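As structure tokens, the structure follows; a few thoughts come after it.
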Amino acid sequence: MMTRSKAENEERLATEVRRQVGAKTMTRFLRTLPAFRIEADIPDRFKDLLDRLDRVAGSPSGSSGRQ
């Protein structure tokens, strides 16, 4: 059985992690890492799909902007 204090601490930690992962600073940092960088030689079709994903992820309404 989890104590109330432990559950509250875990919830605060989860909230903080979500906040930091969604921060613009983290986004800029991740774009510097090779695993998160778009390669210049990928097909245009995939670049278009990534652009669509960025637009949907950045829209204030979330997934309602899907086409």
Side-chain angles (χ1 to χ4, degrees):
M1 182 172 187
M2 195 179 321
T3 65
R4 184 175 182 180
S5 178
K6 184 175 179 180
E8 288 172 355
N9 286 340
E10 287 181 1
E11 182 59 34
R12 278 194 297 246
L13 176 61
T15 300
E16 181 64 17
V17 168
R18 280 194 292 284
R19 184 188 68 77
Q20 288 186 19
V21 167
K24 289 184 181 193
T25 304
M26 180 64 76
T27 302
R28 282 193 303 273
F29 169 71
L30 290 175
R31 286 186 178 152
T32 67
L33 300 175
F36 295 96
R37 189 175 303 137
I38 298 174
E39 296 295 326
D41 61 345
I42 65 171
D44 289 337
R45 182 178 75 142
F46 293 126
K47 287 181 187 177
D48 293 340
L49 289 171
L50 288 170
D51 288 341
R52 281 182 59 192
L53 182 61
D54 282 342
R55 283 194 306 272
V56 170
S59 70
S61 59
S63 63
S64 65
R66 289 190 181 170
Q67 296 175 355

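Values in this document were obtained by computation on a predicted structure and should not be read as measured data. As a basis for the values below, the full set of heavy atoms in this structure was taken, side chains included, without hydrogen atoms, waters or symmetry mates.
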Transitive ILVMFWY cluster of V17, excluding itself - 4.5 Å side-chain cut-off: L13, V21
All side-chain hydrogen bond (donor to acceptor under 3.5 Å, both in side chains) counterparts of R12, not counting sequence neighbours: N9
Contacts of type side-chain contact (heavy atoms from CB on, under 4.5 Å), residue R28, not counting sequence neighbours: K24, T25
Any residue meeting side-chain contact (heavy atoms from CB on, under 4.5 Å) with R18, in chain and number order, not counting sequence neighbours: E11, A14, T15
Contacts of L49 that satisfy side-chain contact (heavy atoms from CB on, under 4.5 Å) - sequence neighbours left out: F46, R52
By side-chain contact (heavy atoms from CB on, under 4.5 Å) - contacts of E16 (at least two apart): R19, Q20
